Structure formats: C-alpha cells, structure tokens
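Worksheet for the structure shown next.
Side-chain atoms are counted along with the backbone in the values below, which use heavy atoms only and exclude waters and symmetry mates. These numbers were taken from a predicted model, which means no experiment stands behind them.
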Amino acid sequence: MVGSALRRGSHAYVYLVSKAGHISRGHQHQAWGSRPAALECVAQKAPGSVVELLGKSYPQDNHSNLTQKVLARVGRNLHNQQHHPLWLIKERVKDHFYRQYVGRSGTPLFSVHDNLSPVVTTWQNFDSLLIPAEHPSRKKGDNYYLNQTHMLRAHTSAHQWDLLHAGLDAFLVVGDVYRRDQIDSQHYPVFHQLEAVRLFSKHELFAGIEDGESLQLFEQSSRSAHKQETHTMEAMKLVEFDLKQTLTRLITHLFGDGLEVRWVDCHFPFTHPSFEMEINFHGEWLEVLGCGVMEQQLVNSAGAQDRIGWAFGLGLERLAMILYDIPDIRLFWSEDERFLKQFRVANINQKVKFQPLSKYPALINDISFWLPSETYAENDFYDLVRTIGGDLVEKVDLIDKFEHPKTHRTSHCYRITYRHMERTLSQKEVRHIHRAVQEAAVQLLGVEGRF
C-alpha cells in the first residue's frame, strides 16, 4: 500500500515533486485550480507527527494517507460559492424542497445543512451506517484517512446518525466528499453530494389512508427482498411510494416534464429495499442517484424507534455534467472566467448550456513497470499521478497487463493523457513531469520500471 511506501521514500518524494515543480515554475502558466507542484508533497509523515486541518490537529499514524493536493481542496466548498454550477444545483434542489414541503407552522419541512465539517470519525462514516468491519468500502486504497480514527468523509451519509440523534426527521445535507479513485473525465478525488432523509410517525404515514388507524408501522416477521423484518408491508409500500414520488418530482423540476424514469434494485448497507434511479436523457439511460427505505436498526440506534423513513443521495457534479453538458469534472475547479461567467444567471432555474472552452491538444505518455511482490493497489498509483501531475492529467488508462510465464511477475502499462484546460502544453514540460512520475513510482510504490 502507498502508506508504507510513502514513509520509506518521503525524502525522495519531496525531492521528486520539488523537481517537477521547478520545471513547472519555469513556465509562466500554472495548472488552473491547482497549487504549484512544488507544494504537492505528501502530507503524511512519520508516526507522531500531526496534520492541521480546519483549526484542529490530528495525530498521524500508519493509516494516514492524505496528500497536500487533497488537503488544499478542503474548505473550498464549491457548493457554497454563489453562481458556481454546483451551487446552482444545490439551490435549485433546496428551493424545490422549500416550496413543495411545508410544515404545519408554514416553515420549510426540510432543514438544510451545507457547512458541516468534512472530517468525520470512522464510526460516523462506516459503523453508524451498519457497514461491516470487513466491508471493502473501508479500504485505505479507497479512502483518505487522517489516522485510524478520523478521515475525510466518503459520503454525506456520515452525518445521518448525528442529525437523527439530534431529533431531526426531515433534512438535506450537502458537502464535499473524498474518495481515492481512477483518473478520467468523470472522476476526481473530491466531489460533492446532496443527501436527504425523511422520517414518518405512524400518524404521518397513514393519515388520509382508509382505516389508517388500524395499520401499524412495525411487526416481527422475516426479511425478504421487498421489506425488512421489522416493517409491515403496508408501511414499507407507503414509504417507498413517497420516496419515489418525491424523487420523480425533484427530477422533473430539474430536467423538465416528459422525462422517462426507471428504478433498478440494488444494495446499500443502510437501506432496504434499495434502488438506483435512472433517467432516459437524450436516448441514453443514466444513473442519477441511489435511495431506499432506511434500515430500522440505524433509525432505532439514533433514538427514533417510533418512526420509519427513507433516504437518498445524489452527486452534484453528476447532475451538473448532465444538465449543463459539462464534459470534464476538472472544470468545476477552474477559476477561468470564461467558465464561471456562464453560470451567473439572474434566476437559478434559468436554463444554461455550457459553451466549451477552446480544447487544447493532449499529450500522451505511457509508463510500464513490474509490480512489487507486496500488495499493490491501482489507486495508489493514481493518487501518485494526481499529486505530481495535478490537473494537467486528464485521464490514466490501464492499457495492458502481462504475467511473465516463468517468473509469474506481473507488469502493468498505463497510458497517461496530459491536457491543460487553458493553454497548450509543451512536450518538454510534460516529459519532466512524466519522468518525475516514473521516479516516484519506483521510489514510493516499489515497482521496477520498464522505461
């Protein structure tokens, strides 16, 4: 894993990244939305050191795997920057919920929480959501850990339990989330989610239903593909109906009338039954969100034993890319006025179609190496490339795997596409960055270069 490798090669890494930064500074244009590569050294240090983040100190240990590139994104809060496309999506969703769902006092039924700290405990991110200790979503290779007990949230669901425990029964949570992932136009280590939860009492759920007073929320039966063991079929069907009706109204508000929708059964540890919502957009079926009936064990543990509810979560970038026809997720971090001015609209519901910026030519370089005998994770390599290349890297593809017939060693070949969003890159500057990637892969990941 990259954690142990980074400790072994920390001095070499600082040198290699500084070397790449020196080359980059030789050119007057810096990658948009990124810091100089010289600053992109790894935040992780030897056990006993600390990382300062949002005014708090976190001791580091052998679980720490944050890079300065990711840390530099914490606190940017694109979803709260007025007229940013992610802010527009958030405001449109918020406005819809405020108008559609009003409490008895005439105030909005759903409260909105869009400034919660992205630093959470592993209990909040996993255990509170009933995610098993051995579940693959906990892997270091997929998450950014400050240490063994604290991390950057991997989803806004990490706040569900706390808000339920505080007595809230209808709320939206919006925020930045962090995951180690592949590199392409659809993936970035920081993105933004919007989460919604609604609970119902027996009276609220069955109000208006004929003979509703005789119906019950709970029973003791067996779990099936259609319901939990503690829910009556009547209660589950009504919650599922309300959830799907709520989401159909929301998507209609965002995309307009006449949109074809379908529901695909899926699995999440914290909801059952669970669904993915897909829309037919321009003749193509696109998954836009996940949702389901909340696991009663989660609801009970938060102190709402007399209620039943639903939850859903959607990606703001995902919706914005579909709605506004934005082709590359890196653009959301751009400070280019040509991009930002397109979203300064007088009315948040005004239609916007992104006009592409000039697309500068790509430069492609391959890198091949033998994998180390110890555990190797592709996300370690992707994280290394992001840290050194920053937003100059458009995508990384694993184009070849080879196992030597005699030694049984495995070789990977990756194709790295470099493209600046605001100017033409020279082969010379890309060659120096690519060389720094090669050297860092050897020093930090323990690979044997084939270059």
Side-chain angles (χ1 to χ4, degrees), residues 1 3 47 51 53-54 56-66 70 74 113 116-169 171-181 189-199 218 223 228-231 266-274 289-315 377 379:
M1 299 296 287
V51 61
L53 186 59
L54 301 177
K56 294 185 178 181
S57 299
Y58 298 91
Q60 297 189 281
D61 54 30
N62 59 8
H63 226 63
S64 308
N65 64 352
L66 278 169
V70 171
V74 178
H113 309 266
L116 299 174
S117 173
V119 179
V120 297
T121 64
T122 52
W123 186 89
Q124 289 173 297
N125 200 79
F126 299 118
D127 300 270
S128 74
L129 296 167
L130 312 179
I131 298 174
E134 69 281 359
H135 197 275
S137 66
R138 293 178 179 253
K139 291 189 302 184
K140 272 182 66 176
D142 293 339
N143 300 285
Y144 288 105
Y145 286 92
L146 281 82
N147 52 40
Q148 287 188 327
T149 59
H150 289 81
M151 63 186 297
L152 295 178
R153 63 188 168 210
H155 43 202
T156 47
S157 305
H159 302 287
Q160 269 189 22
W161 190 94
D162 292 316
L163 294 173
L164 291 172
H165 190 64
L168 301 180
D169 55 13
F171 53 83
L172 304 178
V173 181
V174 193
D176 44 338
V177 298
Y178 300 78
R179 294 183 195 169
R180 303 177 78 206
D181 213 331
V190 190
F191 58 105
H192 299 75
Q193 284 187 339
L194 185 147
E195 181 101 4
V197 165
R198 184 172 185 186
L199 299 185
F218 306 112
R223 177 172 290 238
Q228 297 172 39
E229 60 273 22
T230 57
H231 294 162
C266 63
H267 171 76
F268 301 115
F270 34 87
T271 56
H272 181 76
S274 303
L289 58 84
C291 62
V293 178
M294 297 182 70
E295 281 285 355
Q296 196 61 38
Q297 183 184 341
L298 189 165
V299 177
N300 291 350
S301 69
Q305 298 92 329
D306 61 339
R307 295 174 183 261
I308 183 175
W310 53 247
F312 75 80
L314 56 84
N379 281 346

For the student: nearest non-hydrogen atoms of Leu164 and Val197, plus distance: CD2-CG1, 4.0 Å
message: Rounded to the nearest 0.5 Å, what separates atom CG in Leu116 from atom CG in Asp162?
response: 9.0 Å
- prompt: Is there a side-chain contact between Met294 and Ile308, using heavy atoms and a 4.5 Å cut-off?
  reply: no
Non-hydrogen atoms of Asn379 and Gly141 that approach each other most closely: ND2-O, 2.9 Å
- request: Would you confirm whether Asn65, through its side chain, and Asn143, through its main-chain N or O, come within 3.5 Å as a donor-acceptor pair?
  value: yes
Backbone of Ala302 reached by a side-chain donor or acceptor of His165 within 3.5 Å: yes
message: Let me confirm one number: the CG-CG distance from Leu163 to Leu168, rounded to the nearest 0.5 Å.
response: 5.5 Å
- prompt: Can you find a heavy atom in the side chain of Ser137 that is under 4.5 Å from one in the side chain of Ile131?
  reply: yes
- request: State which residues pass side-chain hydrogen bond (donor to acceptor under 3.5 Å, both in side chains) with Arg179; sequence neighbours excluded, sorted by chain then number.
  value: none
task: For the pair Gln124 (side chain) and Thr121 (backbone), establish whether a donor and an acceptor sit closer than 3.5 Å, ignoring hydrogens and angles.
output: yes
Non-hydrogen side-chain atoms of Thr156 and Val174 separated by less than 4.5 Å: no
query: Okay, side chain of Glu195, backbone of Ala311: is any donor-acceptor separation there less than 3.5 Å?
result: no
field: Side chain Asp142, main chain Arg138, donor-acceptor under 3.5 Å
entry: no
query: Taking only residues two or more places apart in sequence or in another chain, which ones pass side chain to side chain contact (heavy atoms under 4.5 Å, CB included) with Asn300?
result: Gln296, Gln305
Among Val119, Val190, Leu53, the one residue meeting side-chain contact (heavy atoms from CB on, under 4.5 Å) with Val74: Leu53
query: Nearest heavy-atom pair of Gly309 and Leu199: which atoms, and what distance?
result: CA-CD2, 3.7 Å
- prompt: Which pairs, with at least one residue in residues 299-312 and sequence neighbours excluded, count as a salt bridge (charged side-chain N to carboxylate O under 4.0 Å, His left out)?
  reply: Asp169-Arg307, Glu204-Arg307
query: Can you tell me how far the CG atom of Leu129 sits from the CG atom of Leu298, to the nearest 0.5 Å?
result: 6.0 Å
message: Closer than 3.5 angstrom, by distance alone: can the side chain of Gln193 be matched with the main-chain N or O of Ala154 as a donor-acceptor pair?
response: no
task: Mind checking the CD-NE2 spacing from Glu295 to His272? Nearest 0.5 Å is all I need.
output: 7.0 Å
message: Between Asn62 and Gln148, does the side-chain contact (heavy atoms from CB on, under 4.5 Å) criterion hold? Intermediate values first, please.
response: CA-CA 8 Å; Asn62 59 8; Gln148 287 188 327; 3.7 Å; yes
query: Does the side chain of Phe191 come within less than 4.5 Å of Val177's, by heavy atoms?
result: yes
query: CG/Leu172 to CZ/Arg198 distance, rounded to the nearest 0.5 angstrom?
result: 11.5 Å
message: Strictly by ring-ring contact (aromatic ring centres under 6.0 Å, His included), give each pair with a member in residues 129-158 just once, sequence neighbours left out.
response: Tyr58-His150, His63-Tyr145
task: Would you please name every residue forming a side chain to side chain contact (heavy atoms under 4.5 Å, CB included) with Ser128, sequence neighbours left out?
output: Trp123, Trp161
Side-chain (Thr271) to main-chain (Ser274) donor-acceptor, under 3.5 angstrom: no
message: Among residues at least two apart in sequence or on other chains, which ones pass side-chain hydrogen bond (donor to acceptor under 3.5 Å, both in side chains) with Asn147?
response: Thr149
query: Judged by atom type as modelled, is there a donor-acceptor pair below 3.5 Å linking the side chain of Arg153 to the main-chain atoms of Asn125?
result: no
- line: On a heavy-atom basis, the closest approach of Cys291 and Phe312 is CB-CB, 3.5 Å
message: For Gln297, is the CD atom crowded, meaning more than 12 foreign heavy atoms sit under 6.0 Å from it?
response: no
- prompt: Can you tell me how far the CG atom of Leu54 sits from the OG atom of Ser117, to the nearest 0.5 Å?
  reply: 5.0 Å
